[in-house]
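Everything below concerns the one structure shown next.
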Amino acid sequence: MRLDDSAIADRAVAVRSGTVLAALGVLAFSFTFPATVWALKGFGPWTATGARSVLAALVAAACLRAFRVPLPKREQWRGLAMVALGCVLAFPILTTLALQTSSTAHSAVVIGLLPLATAIVSSRLTGHRPSRRFWLAAGVGAVAVVVFTVSQSGGGLSTADLFLFGALVLCAFGYAEGGRLAREMPGWQVIAWALVLALPVTAVFGVFGLVTEPPPHIGGEAIVGLLYVALISQFGGFFVWYRGMAEIGVARASQLQLAQPLLTLIWAVLFLGEHLPAAAPVTALIVVGCIVVTQRSRSS
């Protein structure tokens, strides 16, 4: 009985720790779109995406070498390739292209849909089935965020929307695979190996941008934005994010991201001068309520 009580207490601690870590990851990622907008003030989309990923890959490779991390197991490379495709290649370039013509607020619809998409992908990959209460709360939260962001842009689909949709689907697979791999290796190693694996392609992105886009106009905001998306959005934020997913589960951790669009909107107002819609507080309350329900729900 004492062993059972101890196991329950240990699990409770792990859940609290995992929730905090995942929330820190959400906070780190919430600055990504504003930082990308800053980077686009000095760099073209292909140059910015290539530079952020190459820089992050070099830092990741240095960390792997410094800690003498062994190569992943043969069966882990497939999952790492999916993380590289979704989180290192597709999401950065597609969202960066979208932000050329779409506002930060509208682009946040991707983040609003990402938790639900990640939970769906994870359940299909692992055979795990969250409860109906979980799915209902997740769906309500996702719908609330989508209605809020799309209504502010007037609705309709544009080229930017297609970019965002593609980024959403591929990143969901990358998140789900990354969360699974983080149970087998430290979370920072998951994203580090994915960055190194994608380095040949991201280097081509950068070269393509330098050749085809206007010369960079290097300024303070552009440098700060590029460094943030490279060192935090592309690498550092995944440390805590994947570790949190490993401790509390991919589906449940992903629901914390329902708060990310609202955080992004706040940063858009503070750092980009965008107008915050009056519906934001109402949407925030709905999202917070959904997060509470998903965190308390039990898997069936």
*Taking atom CZ of Phe173 as the centre, does the number of heavy atoms from other residues, nucleotides or ligands within less than 6.0 Å exceed 12?*
no
*Step through the shown structure and confirm whether more than 12 heavy atoms of other residues, nucleotides or ligands are within 6.0 Å of CZ on Phe165.*
no
Mind checking whether [X] and [Y] have side chains closer than 4.5 Å, heavy atoms only?
X	Y	result
Ser53	Phe205	no
Ile218	Phe43	yes
His106	Asp161	yes
Trp38	Leu227	no
Thr101	Ser158	no
Leu270	Ile266	yes
Leu114	Tyr175	yes
Ser30	Leu27	yes

*Would you check, one step at a time, whether the test side chain to side chain contact (heavy atoms under 4.5 Å, CB included) holds for Leu195 with Leu58?*
CA-CA 9 Å; Leu195 284 164; Leu58 293 176; over 6 Å; no
If every non-hydrogen atom of [X] is compared with every non-hydrogen atom of [Y], which pair is closest and at what distance?
X	Y	value
Ala230	Leu55	CB-CD2, 3.7 Å
Ser102	Ser107	OG-OG, 3.2 Å
Leu256	Ala23	CD1-N, 3.9 Å
Gly225	Ala39	C-CB, 4.1 Å
Ala35	Val229	CB-CG1, 3.7 Å
Ala268	Pro34	N-CG, 4.4 Å

Assess, by modelled atom type and distance only, whether the side chains of [X] and [Y] contain a donor and an acceptor separated by less than 3.5 Å.
X	Y	result
Thr36	Thr96	no
Glu274	Thr104	yes
Thr47	Glu213	yes
Thr32	Ser233	yes

_Stepwise side chain to side chain contact (heavy atoms under 4.5 Å, CB included) check, Ile232 with Phe31_ = CA-CA 9 Å; Ile232 305 300; Phe31 288 97; over 6 Å; no
_With Glu177, the side chain to side chain contact (heavy atoms under 4.5 Å, CB included) member among Val190, Val121, Val83_ = Val83
Path from [X] to [Y] over hydrophobic side-chain contacts below 4.5 Å:
X	Y	answer
Val269	Phe271	yes
Phe33	Leu94	no
Leu272	Phe148	yes
Phe235	Val240	no
Met245	Val26	yes

Could you tell me the separation between the [atom1] atom of [X] and the [atom2] atom of [Y], rounded to the nearest 0.5 Å?
X	Y	atom1	atom2	value
Ile248	Thr19	CD1	OG1	4.0 Å
Cys171	Leu89	SG	CG	11.5 Å
Gln100	Phe163	CD	CZ	8.5 Å
Trp77	Leu181	CH2	CG	11.0 Å
Arg16	Glu247	CZ	CD	11.5 Å
Leu226	Arg52	CG	CZ	9.0 Å

*Between Gln234 (side chain) and Leu231 (backbone), is there a donor-acceptor pair under 3.5 Å?*
no
_Between Ser122 (side chain only) and Thr118 (backbone N and O only), is there a donor and an acceptor less than 3.5 Å apart?_
no
_Aromatic contact between Trp188 and Phe67, with the criterion being ring centroids under 6.0 Å apart: yes or no?_
yes
*Do Phe238 and Phe29 have ring centres separated by under 6.0 Å?*
yes
*Would you mind listing every ring pair (Phe, Tyr, Trp, His ring centres under 6.0 Å) that reaches into residues 208-227, with sequence neighbours excluded?*
Trp46-Phe208
*Would Leu170 and Phe91 count as a side chain to side chain contact (heavy atoms under 4.5 Å, CB included) if you check the C-alpha gap in whole Å, the side-chain angles of each, and the deciding distance to 0.1 Å?*
CA-CA 7 Å; Leu170 292 173; Phe91 191 83; over 6 Å; no
*Please assess Val69 against Trp193 for the test side chain to side chain contact (heavy atoms under 4.5 Å, CB included), listing each intermediate value before the final yes or no.*
CA-CA 10 Å; Val69 177; Trp193 284 117; 3.9 Å; yes
